[in-house]
Every structure is written in structure tokens, then in C-alpha cells.
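Data block below; observations after.
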Amino acid sequence: MKIISTKKPFDHVLIEDFYSKDEIKLFWKETEFLFDKLGDENATHAATEEDGARKKSGKGVFLDDVYKNRAVSDLLNISRKIFHDQEIKSAIQDMNSIFFEYFKKTNWDSIMLQYYEDGHYYKQHIDESIFTAIYTFYKEPKCFEGGDLYFEKYDYTLPIRNNQLILFPSIVSHDVTEVTMKKPGYMNGRFSIANLIFWKL
């Protein structure tokens, strides 16, 4: 696991090789189980334009809508590693970010599995949470182009990488660039876990 905490061009934490090989195996096993249950952009309550049209095309599901008991889901439990891993907590603390001081106060999250394939995208939007963590993964070799995260205000592109996570303040608007399939096939597109992080009184 390689952790990069930076304030440029905005406060964020980037983690490469986030999950172990064993954790990735668990991810794929559950992702395959859930794949045919993914709903469209309306089912995931994607952000909307002023005219009410969804800013997103693609599939997804909120995992808490699937599982009443979080303990039975490897995706839910492993995805919360950012709250418990001491190395990650130290990197956040060492960043000396006033905004990230709020991270240690968070106590609730909502996790969504998302899938993008040919022509799918998510236009610029702001998440309705305090922090956003986005984990990206896909089958190797990669069968698509695009699917990068783009932060328009800062003209900053984070190229998609397998087993990579970015944690940033949700007030920072971002989009997913359009995916173009080079080799269409079952589950050959871009997967991500979006962890929307809050606190409740």
C-alpha cells in the first residue's frame, strides 16, 4: 500500500494498491454475485441537471439496500478499511489539514458499487456527504479507455488505476470521463466503490 497525502491541487489522500490480493479476491467474488442486480442511474439517485435529467449513465447499487446486516458483506466491511488502518490515519493526521480534522469525527457512511461501460459517464457533481472515497477496479488486462476522475475547478485528472483509492472533501466537484470499450464483454468495464462519509449526531 502506497499512501500519498497532499494539498495540491486540493486536500486529498491517494492510496495505490489499497487492498491485498486476498481482499481483492473477496471483492470480485461478491461483485460477480451483485452484478446482475445493479440498477440504472435512477435507482442510485444520481445527481440531476436543472431540468431533472440525470448527470450519470451507468449502473449501481447501494449495498445497504441489499444487506440488512453489514457483517455478511465483504464489500461493505473491507471498504471501511480507511477508518481503521493506522497507516492511513497517520497520513491524514500528518497532512495537517483543517478540513480533514473533521474526518476523525465521522461516524456513518453509505457505500455504492458502480459499473460503467461503453458510453457511460458521470458529469460534474458534488456529493451530498462530508467526505468521498472512490475505489476503482477492473479486470486485467484493461478493456476500456476513459473512466478517469476529473476535477474541473482545478483542471486535475486522476487517471484510473486498478486497486486505487482517493479520499477527498465531498464539496470538491468531480466527474467520471466517458468510458469507451476496446473489448466489450461481461463485466469488462470500469468498477468503483463510492463511499459517502458523514457524521450523525
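No hydrogens, no waters, no symmetry mates; every other heavy atom, side chains included, goes into these values.
Between I24 and F137, the closest side-chain pair of non-hydrogen atoms is not below 4.5 Å. Side-chain contact between I197 and I130 is absent, with no heavy-atom pair separated by less than 4.5 Å. The shortest distance between side-chain heavy atoms of T6 and L14 does not fall below 4.5 Å. Side-chain contact between T44 and Q114 is absent, with no heavy-atom pair separated by less than 4.5 Å. The shortest side-chain heavy-atom distance between H120 and V176 does not fall under the 4.5 Å cut-off. Between R161 and I166 there is no side-chain heavy-atom pair separated by less than 4.5 Å. Here the side chains of L165 and I134 are not in contact, with every heavy-atom distance at 4.5 Å or above. Between D175 and K55, every side-chain heavy-atom pair lies at or beyond the 4.5 Å cut-off.
By the neighbour-count criterion of 12 heavy atoms within 6.0 Å, atom NZ of K25 is sparsely surrounded, having that number or fewer from other residues, nucleotides or ligands. No more than 12 heavy atoms of other residues, nucleotides or ligands sit less than 6.0 Å from atom NZ of K104. Environment of CD in E128: sparse, with no more than 12 heavy atoms of neighbouring residues, nucleotides or ligands closer than 6.0 Å. The number of heavy atoms from other shown groups lying within 6.0 Å of CD (Q93) does not exceed 12. When the shell of 6.0 Å around OH of Y102 is examined, it contains 12 or fewer heavy atoms from other residues, nucleotides or ligands.
Here side-chain hydrogen bond (donor to acceptor under 3.5 Å, both in side chains) pairs that include residues 138-147, with residues two or more places apart or in two chains, are E140-N162.
Here F144 and Y116 keep their ring centres 6.0 angstrom or further from each other. Ring centers of F103 and F83: under 6.0 Å apart, within the cut-off.
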Show, in sequence, the C-alpha distance, side-chain angles and deciding distance for V172 and H12, and conclude whether the side-chain contact (heavy atoms from CB on, under 4.5 Å) test is met.
CA-CA 10 Å; V172 178; H12 67 282; over 6 Å; no

Residue pair L75, L34: steps toward the side-chain contact (heavy atoms from CB on, under 4.5 Å) verdict
CA-CA 10 Å; L75 283 177; L34 292 169; 3.6 Å; yes

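Of the residues E49, H174, E178, the one that meets the side chain to side chain donor-acceptor pair (under 3.5 Å) test with K123 is E49.
Side-chain contact check for S97 and D11: at least one donor-acceptor pair (N or O, by modelled atom type) lies under 3.5 Å.
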Enumerate donor-acceptor pairs with a distance under 3.5 Å from any side-chain N or O in residues 150-158 to protein atoms, sequence neighbours excluded.
from: Y150; atom 1: OH; to: D155; atom 2: OD1; distance (Å): 2.8

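Among all heavy-atom pairs drawn from E30 and S73, the shortest one is OE2-OG, 2.7 Å.
Between F27 and Y19, the two ring planes are tilted [angle within 30° to 60°].
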